[in-house]
2 protein chains.
Amino acid sequence: MAGSSDGKPLHFNLFNNGSGHHEGAWRLPGSHPLANLDIEYHERMAQLAESVKFDSVFLADHVALDGAGYRPAGRLDPLTVLTAVARATRRIGLIATASTSYNEPFNLARRFASLDVISGGRAGWNIVTTAGDASARNFGLASQASHLERYQRADEFVAVVEKLWDSWEDDAVVADRERGVWADESKIHPIEHQNHFYAVRGPSNTPRSPQGHPVLVQAGSSEDGRDFAARHAEAVFTAQHTLADGQAFYADLKRRVKLAGRDPDEVKILPGIVPVIGSTEAQARELSGQLDRLVSAESGRNRVARQLGLDPALLPLDEPLPDHLPTVDDIEGDKSRFTLIVELARRERMTVRQLVERLGSGRGHRTFAGSPEQVADMIEEWAREGAADGFNIMPAALPSGFELFVEHVVPILRARRLIRSEYTGTTLREHYGLSRPRSRYAADGPAGER
Amino acid sequence: MAGSSDGKPLHFNLFNNGSGHHEGAWRLPGSHPLANLDIEYHERMAQLAESVKFDSVFLADHVALDGAGYRPAGRLDPLTVLTAVARATRRIGLIATASTSYNEPFNLARRFASLDVISGGRAGWNIVTTAGDASARNFGLASQASHLERYQRADEFVAVVEKLWDSWEDDAVVADRERGVWADESKIHPIEHQNHFYAVRGPSNTPRSPQGHPVLVQAGSSEDGRDFAARHAEAVFTAQHTLADGQAFYADLKRRVKLAGRDPDEVKILPGIVPVIGSTEAQARELSGQLDRLVSAESGRNRVARQLGLDPALLPLDEPLPDHLPTVDDIEGDKSRFTLIVELARRERMTVRQLVERLGSGRGHRTFAGSPEQVADMIEEWAREGAADGFNIMPAALPSGFELFVEHVVPILRARRLIRSEYTGTTLREHYGLSRPRSRYAADGPAGER
């Protein structure tokens with residue numbers, strides 16, 4: 001089922017977070033601590049990813065500030081950044097994170113359709129629900145909605161957005177100067193949506209975009225998150241720490257997609273990997289150690305404490321995790337990250353300090369320090385063994401880590417036919433091998449959805 | 001008080017709406033009916049405006065579709081378009097419309113700060129309140145809020161956004177690799193806003209942008225609108241039909257600005273003009289007639305009926321406006337446009353057909369068909385006679401009308417020193433001669449605002 005096994009190349013996404021995914025990377029000599037605020041840097045990274053035919057670049061987002069003291073924390077609006085990147089590139093897909101918890105579907109539908117028009121069909125939306133009281137307090141609420149309600153709201157939000165994207169049929173605009181008819185209004189449809197969370201009459205005032213629907217991406221791996229992905233997602237980013245975990249997740253999600261009545265091939269699964277690359281394994285491990293030493297144990301401990309819903313004082317650095325922890329049901333934030341951290345610490349009997357060092361270099365994603373051959377071997381193994389349709393590449397240090405990946409790992413992947421050597425399509429949908437949806441309102445649109 | 005009287009050049013904004021501000025323009029031979037959806041077109045127009053040192057380009061917006069049949073009606077999200085335009089230009093200001101009625105201040109503050117970063121300090125926000133039940137129904141409401149409540153909400157919305165823009169002091173980011181300190185957290189401030197409409201804790205997670213605050217622009221000329229402009233706006237777009245109206249508006253608004261405790265020079269007033277240019281006056285009038293004939297009287301009548309809050313059946317084309325009309329107090333939509341239309345029709349004793357033809361070529365803005373000399377004379381007169389600090393140029397037909405303006409009118413304006421011949425600054429604030437605000441939270445920030 002995985003991409004490599006049927007001779008098709010894998011899918012590759014660059015997750016550009018500015019200075020790199022290891023928390024210490026911004027402190028390396030020669031780093032660019034303001035990278036995430038530098039639009040020319042974002043353009044250059046996307047151009048580099050495009051030069052080796054990656055499917056897409058991706059930007060995360062948060063809607064609250066979370067500790068700016070010890071690591072790069074300022075960020076720009078992702079969709080705005082990727083609009084600039086769109087005009088500096090020609091083929092690569094552009095995936096922006098936006099929250100269903102604190103936006104209006106009408107506005108977000110238009111913004112993604114606009115990016116899709118501007119980029120010629122390369123827009124993707126990473127759908128997130130926003131956890132945390134700090135975010136809620138930026139939007140008039142005292143505390144966050146429950147995990148379940150956030151996902152229920154997200155379900156309806158996506159349904160509204162998809163209807164708005166369908167509200168102009170592909171051939172609604174006729175622009176007939178002679179007759180003075182700009183659009184065929186019989187092909188523009190109010191959506192008349194009214195349900196639990198939203199009432200939106202429509203139609204959109206942005207015509208249908210090149211992809212019909214920008215590609216829907218999702219990255220939460222909790223039970224609710226997996227079911228949501230099974231219903232909506234076309235690409236899934238996920239943090240999986242071992243091959244066995246990756247295989248289990250892959251099989252489980254594809255099963256859920258099928259149960260939801262969709263074709264499992266229409267959902268591409270891309271585990272995140274945080275490659276720390278050296279020309280030899282020893283050099284990679286040396287860089288890895290250097291990065292770990294640049295993260296203060298206290299700041300890492302504070303982050304883990306937040307993820308586990310604990311007071312940091314309950315986590316002495318040189319002791320294992322306490323026996324009594326909250327259960328996943330108590331966690332209203334990121335449930336899947338909670339589970340991953342607890343299982344990792346228990347399984348490998350780590351002290352808090354060891355846990356912090358391991359997580360510092362990837363926040364739960366698969367960290368891999370090795371030679372270019374070893375990185376390529378790992379990619380090949382995960383794809384061959386049914387854990388991945390592709391990979392979300394999250395270099396520990398940026399830009400250096402991605403430059404090394406492009407220069408040393410990509411040629412190996414290409415020799416093994418694991419990465420495309422030329423784009424065969426022009427849209428993000430075409431890169432990921434996804435079909436283009438018809439408008440549900442068109443005479444030949446999906447049956448029963450009107 | 002006007003710009004020209006003290007030897008400083010006037011300010012010029014290009015209002016690019018795609019195919020031109022005359023409703024018939026998209027039907028001219030050689031027109032581009034899809035211009036408003038064409039990003040390369042938007043880039044080219046901005047580059048052309050920049051080549052003659054305009055202060056800014058501006059995009060309007062609506063959040064409901066309003067009759068796509070007989071005129072170009074699809075539009076992209078303005079801030080998204082201008083982000084692409086930012087990377088295709090270097091100096092010109094970029095003013096995007098966004099509504100205070102249907103956005104969250106936290107999101108909008110970040111988006112404009114992001115555009116300001118990406119453009120190197122060239123972002124402006126045209127603040128609008130959104131009228132109309134059609135818009136309300138796209139955002140979960142059965143009908144719009146009252147005119148007054150919309151402005152009250154806008155007041156508080158702008159206050160929240162300004163606090164968020166101030167929440168990072170200019171020197172908050174230190175990026176000290178050695179010490180491992182990315183930001184000085186004592187210079188990043190929660191805003192703790194809580195009032196009638198909004199509760200926003202802050203701080204922003206986007207650092208302070210080059211201009212500190214993107215430039216605030218406003219375009220409503222009702223009583224509520226003028227008071228709002230007096231409190232917040234730094235540039236005002238306005239529709240004034242005669243020199244006398246323009247003078248009265250100019251004097252009134254500057255007076256209100258002073259009453260609000262602000263420096264009248266910190267608010268630039270730019271009436272809209274819709275130039276129809278020919279190499280002779282006769283040619284201009286011929287083009288003007290051609291444009292008028294391309295607008296169907298019925299579609300124009302429907303628009304006027306909507307603006308007046310009437311059933312179109314009450315407006316026979318060859319009779320004057322009925323004696324009994326709603327009063328301005330009944331109008332919950334655009335009050336200033338209502339007043340302008342009624343006064344114009346009464347004063348010039350027009351039939352509905354004549355009114356529609358007059359309005360078709362500018363929707364209430366000053367339409368001017370003439371030779372390049374005549375257009376320049378009018379600009380000079382309005383500025384000299386105290387009706388304008390600059391002009392919002394709204395060519396009847398685009399791109400042709402703006403190309404003619406650049407080729408034939410600008411050289412005359414330049415010879416008379418009415419337009420700058422070189423940019424002297426790099427930011428939109430500098431172009432408009434506006435000071436850069438300090439953060440209210442800085443030790444040397446505005447007193448009493450903490």
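What's counted below: heavy atoms across the whole structure, side chains too, no hydrogens, waters or symmetry copies. Residue numbers begin at 1 in each chain, while the letters A, B, ... track the order of the sequences.
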Margin query: Under a 4.0 Å threshold between the charged nitrogen and the carboxylate oxygen, would B/Arg110 count as salt-bridged to A/Asp61?
Written below: yes
Next item on the list: Under 4.5 Å heavy-atom distance to chain A, tell me which part of B/Tyr198 shows up: side chain, backbone, both or neither.
Entry: neither
Next item on the list: Please round to the nearest 0.5 Å and tell me the distance separating atom CG of B/Leu79 and atom OG1 of A/Thr83.
Entry: 8.5 Å
Notebook entry, point to check: Which answer fits A/Val181, side chain, backbone, both or neither, if we ask what part of it has an atom under 4.5 Å from a heavy atom of chain B?
Noted result: both
Margin query: Quick check against the 3.5 Å criterion: does B/Asn205 have a side-chain atom that pairs as donor or acceptor with the backbone of A/His62?
Written below: yes
Next item on the list: Check whether any side-chain N or O of A/Arg111 sits under 3.5 Å from a backbone N or O of B/Asp77 as a donor-acceptor pair, and report yes or no.
Entry: no
Item checked: Heavy-atom pairs under 4.5 Å with chain A, option from B/Val81, B/Val63, B/Ile188 with the top count -> B/Val63
Check: Which bit of B/Asp176 comes within less than 4.5 Å of chain A, counting heavy atoms only: side chain, backbone, both or neither?
Finding: backbone
Margin query: If I measure from the heavy atoms of chain B, does A/Leu82 come under 4.5 Å with its side chain, its backbone, both, or neither?
Written below: neither
Next item on the list: Output the option from A/Ala68, A/Ala175, A/Gly74, A/Pro29 having the highest count of non-hydrogen pairs under 4.5 Å with chain B.
Entry: A/Ala68
Margin query: Please classify the contact between B/Ala64 and chain A as side chain, backbone, both or neither, with a heavy-atom cut-off of under 4.5 Å.
Written below: backbone
Next item on the list: Counting only heavy atoms closer than 4.5 Å, note whether A/Ile118 contacts chain B via side chain, backbone, both or neither.
Entry: both
Item checked: Greatest number of heavy atom pairs closer than 4.5 Å to chain A - which of B/Arg179, B/Arg137, B/Gln194 -> B/Arg137
Notebook entry, point to check: A/Ala172, A/Ser167, A/Gly180, A/Ala88: which one forms the most heavy-atom pairs within less than 4.5 Å of chain B?
Noted result: A/Gly180
Check: Counting distance only, does the side-chain N/O of A/Trp182 pair as donor-acceptor with the main-chain N or O of B/Pro33 below 3.5 Å?
Finding: yes
Next item on the list: For the pair A/Arg27 (side chain) and B/Glu178 (backbone), establish whether a donor and an acceptor sit closer than 3.5 Å, ignoring hydrogens and angles.
Entry: yes
Check: Between A/Glu43 and B/Arg87, does at least one N-O distance fall below 4.0 Å, as a salt bridge requires?
Finding: yes
Item checked: Other residues, nucleotides, ligands: >12 heavy atoms within 6.0 Å of A/Glu192 CD -> yes
Item checked: Per-residue contacts, residues 98-107 of chain A versus chain B, heavy atoms under 4.5 Å -> A/Tyr102, A/Asn103, A/Glu104, A/Phe106, A/Asn107
Margin query: Is it the case that the side chain of A/Arg177 and the backbone of B/Ser31 share a donor-acceptor pair, with hydrogens and angles ignored and the cut-off at 3.5 Å?
Written below: yes
Notebook entry, point to check: With sequence neighbours excluded, what pairs up with A/Ser114 under the side chain to side chain donor-acceptor pair (under 3.5 Å) test?
Noted result: none
Item checked: Test item: B/Arg201 side-chain N/O and A/Asn138 main-chain N/O as donor-acceptor pair under 3.5 Å -> no
Note to self: To the nearest 0.5 Å, what is the distance between OG on B/Ser209 and CG on A/Leu37?
What the structure shows: 11.5 Å
Notebook entry, point to check: What part of B/Val173 gets closer than 4.5 Å to chain A, counting heavy atoms only: side chain, backbone, both or neither?
Noted result: side chain
Notebook entry, point to check: If we only count heavy atoms from C-beta on, is the A/Leu65 to B/Ser204 side-chain gap below 4.5 Å?
Noted result: no
Margin query: Heavy-atom pairs under 4.5 Å with chain B: which of A/Ala199, A/Pro72, A/Ala183 has the most?
Written below: A/Pro72
Check: Given that the side chain runs from C-beta out, which part of B/Val117 has a heavy atom under 4.5 Å from chain A: side chain, backbone, both or neither?
Finding: side chain
Note to self: When you compare the side chains of A/Arg75 and B/Thr206, does any donor N or O come within less than 3.5 Å of an acceptor on the partner?
What the structure shows: no
Next item on the list: Answer with side chain, backbone, both or neither: which region of B/Leu164 has an atom nearer than 4.5 Å to a non-hydrogen atom of chain A?
Entry: neither
